[in-house]
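Encoded as structure tokens, the structure appears first; notes follow it.
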Amino acid sequence: MATFPRIISVDDHTVEPPHVWRDRLPSKYRDTAPRIVRAPLKELSFLGGRFAPVMGAPGDEGPVGDWWVYEDLRRPLTRLDTAVGCTRDEIRLEVITYEQMRPGSYSVPERLADMDLNHVQSALCFPTFPRFCGQTFTEAKDRELGLLGVRAYNDWMVEEWCGPDAHGRLIPLTLVPLWDAELAAAEVRRNAARGVRAVAFSEIPPHLGLPSVHGDGWDPFLRACDETGTVIAMHIGSSSRMPSTSADAPPAVGSTITFANCCFSMVDWLMSGKFERFPGLRIMYAEGQIGWIPYILERADTVWEENRAWGGVADKVTRPPSELFAGHVYGCFFDDAFGLRNLDAIGAGNVLYETDYPHSDSTWPRSREVGEEQMAHLPDDVVERIVRGNAIELLGLTRDGLWAGAAPA
């Protein structure tokens, strides 16, 4: 292409600044609401897909980092949360402070500047402290505080992170109280009324102790998404359980098979009957890559054709899963040459591009170069669809690729 399209990234991340909940929750929650404490690290491991940090006491030896403290939770900021600007050999599993991260991780002006450096026009950002679909609040003891925490995050996301200073370039992604489908539906509608068109959800809810998508427990939430045109965005790890093989498997094992949960989740949805009950429903898999999709569609169609009579889906899935995929599912990638070579088996209209800023896997500041290299064989109009056109349609952006809900600066 003479000019590579300006990227609309559907999977970046924000590291929430310390004031998000401090400024938005009643003062009576000062000692239990999410807040930042600077403290040493006592222990840290990440094996078998389980992240296990232990915060030390004041005066203890050990590297010092900034920790989110919420009820009994102690969660440090780590280099993996915000690795851009570091070389690959500098990226280790270690605690850090806000001063040790690139300011674009948490500050809007610096984020926009870093997007300019990376040929990115607009970006949809997943959370850090709440985790990828708000599991932090779902696991909390105080449900009243948890609901306030979800709403406070959403208000910050819409009004500040994606507010006037962002000039429509940051696209809001909100959370819901996962423990109550009716409350979740109400939160979807509250945010849809102010222009939000994406909500985070768990790839495999039963891993969080929640209902699966096969029953009717999520129907109020799904109906709200269907009726408001809100896309359900599922990030790898949004089930709080990264794929692994054994309790002592090193992180490299899980990092290689991160797509696995997306694979399992997509089959769940395709065999659930939900796309036929809620015809406007659309879902996307952030950071799941796309190379695995063709075989799963082939296998799902075979099972549906050959085994649906005894497979428990004949009465609710009346069309081949590949047809349902084409109308309802989007795969997201940032580095997947194999998937792009097999794009015809996926569908150009079902693929979205991302940069994963500021995580350790991010292609920043080379996302344009990676895209140019991996999409060189594709027609210009297909590249345009993948890099920005599909995101504009899915997320209800303006023709220029901006979030229309942003107030004028």
Check for me whether the distance between the ring centres of [X] and [Y] falls short of 6.0 Å.
X	Y	result
Tyr285	His235	no
Tyr353	Phe334	no
Trp21	Phe129	yes

Determine the interplanar angle of the Trp269 and Phe275 rings, folded into 0 to 90°, and report it as parallel if under 30°, tilted if 30 to 60°, perpendicular if over 60°.
parallel
Mutual orientation of the aromatic rings belonging to Phe259 and Trp292 [parallel < 30°, tilted 30-60°, perpendicular > 60°]:
parallel
Kindly indicate whether the side chain of [X], heavy atoms from C-beta on, has any atom under 4.5 Å from the side chain of [Y].
X	Y	answer
Leu208	Gln135	yes
Leu80	Ile91	yes
Arg30	Arg35	no
Arg75	Arg131	no
Thr78	Ile96	no
Phe201	Phe221	yes
Ile8	Leu397	yes
Leu124	Asp11	no

With a 4.0 Å cut-off on N to O distance, would you call [X] and [Y] a salt bridge?
X	Y	value
Arg169	Asp116	yes
Arg190	Asp155	yes
Arg79	Glu90	no
Glu393	Arg282	yes

Between the side chain of [X] and the main-chain N/O of [Y], is any donor-acceptor distance below 3.5 Å?
X	Y	answer
Asn342	Ala345	no
Thr302	Glu298	yes
Ser9	Thr355	yes

Set out, in order, the CA-CA distance, both residues' side-chain angles and the distance that settles side-chain contact (heavy atoms from CB on, under 4.5 Å) for Thr128 and Thr14, then state yes or no.
CA-CA 6 Å; Thr128 297; Thr14 178; 5.6 Å; no
Taking atom types as modelled and ignoring hydrogens, do the side chains of [X] and [Y] form a donor-acceptor contact shorter than 3.5 angstrom?
X	Y	result
Thr97	Asp66	no
Ser246	Asp248	yes
Asp336	Gln374	no
Glu160	His19	yes
Glu203	Ser239	yes

Separation of Asn390 CG from Tyr330 OH (nearest 0.5 Å):
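With rounding to 0.5 Å, OH (Tyr330) is 6.5 Å from CG (Asn390).
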How many angstroms lie between atom SG of Cys125 and atom CD1 of Ile171, to the nearest 0.5 angstrom?
8.5 Å
For Glu61, does the CD atom have more than 12 heavy-atom neighbours from other residues, nucleotides or ligands under 6.0 Å away?
no
In sequence, state the C-alpha distance, the side-chain angles, and the governing distance for Val329 and Ile293, and then conclude on side-chain contact (heavy atoms from CB on, under 4.5 Å).
CA-CA 11 Å; Val329 185; Ile293 292 176; over 6 Å; no
Looking at [X] and [Y], what are the two nearest heavy atoms and their distance?
X	Y	answer
Met115	Gln121	CE-O, 3.3 Å
Gly104	Asp114	CA-OD2, 4.1 Å
Met101	Ser105	SD-CB, 3.8 Å
Pro130	Phe137	CB-CE1, 3.8 Å
Leu41	Val54	CD1-O, 3.6 Å
Gly217	Ala181	O-CB, 3.2 Å

Among Tyr357, Trp161, Phe132, ring-ring contact (aromatic ring centres under 6.0 Å, His included) partner for His13
Phe132
Got a sec, which residues hit salt bridge (Lys or Arg N to Asp or Glu O under 4.0 Å) with Arg111, two or more places apart in sequence or on another chain?
none
Under the side chain to side chain contact (heavy atoms under 4.5 Å, CB included) rule, collect the residues that match up with Lys316, sequence neighbours excluded.
His214, Val313
CA sep, side-chain torsions, deciding dist, call: Ile296, Met266, side-chain contact (heavy atoms from CB on, under 4.5 Å)
CA-CA 9 Å; Ile296 291 300; Met266 191 177 82; 3.6 Å; yes
